[in-house]
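Report on the structure given below.
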Amino acid sequence: MRIGDAAAAAGTTPRALRLYEQRGLLPPPDRTSTGQRRYGPEDIARVRVVRELLALGLTIEDVRACVDRLPLLDVEAIRSRRVPEGVCVRASPVVSRRLAALDAEIARLTRRRDELAARAAQQPGRGPGPEAAEAVPRPGPNSR
């Protein structure tokens, strides 16, 4: 199938398919005699896996670090956490680094939130009073 049809089947855009190819997440597809890209079911499945991993918070570089393992995954396995044994062994440092980066970003955002709440509490007449700053609920570790 052509790039537009393949993108639609994978739930993405032709531009994303070109980017994935350029970044090494998707192997260069076969070409027609006129040079148009031609994708098969395996390519669509791979794009779906890439999109699912990106949706989980991994970056393109993170996914590229374990690109050789992508054919072992499918979207349902990722969603249900039924990942085949051995798939994540090499990828675990990637996931650990991403989790550390997310934890650092959460900590940074929490500090910013606390600073803003403290400043709002110190500005009588310009914003919420001290009781309003305290009334702003603080998100828990499992909230989104």
Side-chain angles (χ1 to χ4, degrees), residues 1-123 126-128 130 132-144:
M1 70 181 76
R2 291 188 196 172
I3 193 166
D5 296 329
T12 192
T13 64
R15 183 176 180 182
L17 292 184
R18 288 185 207 100
L19 175 70
Y20 298 161
E21 180 185 345
Q22 179 185 32
R23 297 288 181 90
L25 304 181
L26 190 61
D30 293 334
R31 300 259 181 173
T32 65
S33 60
T34 59
Q36 293 180 327
R37 289 172 171 88
R38 190 174 54 209
Y39 297 91
E42 303 84 21
D43 299 312
I44 305 308
R46 185 176 182 127
V47 170
R48 288 180 178 150
V49 167
V50 166
R51 288 179 47 78
E52 189 70 20
L53 293 171
L54 294 173
L56 287 172
L58 296 177
T59 66
I60 287 177
E61 290 74 27
D62 295 334
V63 176
R64 187 174 52 214
C66 55
V67 75
D68 60 323
R69 307 270 182 174
L70 292 181
L72 301 174
L73 294 173
D74 65 56
V75 171
E76 289 308 313
I78 296 169
R79 289 182 180 164
S80 66
R81 298 184 177 120
R82 290 182 296 105
V83 177
E85 190 173 323
V87 170
C88 292
V89 172
R90 189 163 163 224
S92 64
V94 171
V95 173
S96 296
R97 281 192 306 272
R98 179 58 38 211
L99 288 171
L102 289 171
D103 287 343
E105 181 66 5
I106 289 168
R108 184 187 71 78
L109 290 171
T110 300
R111 286 190 304 274
R112 298 287 303 271
R113 186 236 181 255
D114 291 347
E115 290 171 15
L116 180 60
R119 288 185 184 192
Q122 295 172 355
Q123 300 289 323
R126 289 190 174 187
E134 293 300 318
V136 176
R138 184 168 212 148
N142 295 325
S143 64
R144 289 186 171 231

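Just the heavy atoms: all of them, side chains too, but no hydrogens, waters or symmetry mates, feed the values below.
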To the nearest 0.5 Å, tell me how far Asp43 CG sits from Asp30 CG.
8.0 Å
What pairs of donor and acceptor atoms, side-chain ones from residues 8-19 against any protein atom, are under 3.5 angstrom apart with sequence neighbours left out?
| from | atom 1 | to | atom 2 | distance (Å) |
| --- | --- | --- | --- | --- |
| Thr12 | OG1 | Arg51 | NH1 | 3.4 |
| Thr13 | OG1 | Ala16 | N | 3.1 |

Let me confirm one number: the CD1-CZ distance from Ile3 to Arg38, rounded to the nearest 0.5 Å.
14.0 Å
Partners meeting salt bridge (Lys or Arg N to Asp or Glu O under 4.0 Å) with Glu42 (sequence neighbours left out)
none
Criterion side chain to side chain contact (heavy atoms under 4.5 Å, CB included) on Val47 and Glu21, from CA distance to verdict
CA-CA 10 Å; Val47 170; Glu21 180 185 345; over 6 Å; no
Sorted by first residue and then second, give each salt bridge (charged side-chain N to carboxylate O under 4.0 Å, His left out) pair with at least one member in residues 53-67; sequence neighbours left out.
Arg23-Glu61, Asp62-Arg98
If you apply the rule side chain to side chain contact (heavy atoms under 4.5 Å, CB included), what do you find for Arg48 with Ile44, and how did you get there?
CA-CA 6 Å; Arg48 288 180 178 150; Ile44 305 308; 3.7 Å; yes
Around Arg31, counting heavy atoms of other residues, nucleotides and ligands shown, do more than 12 lie under 6.0 Å from its CZ?
yes
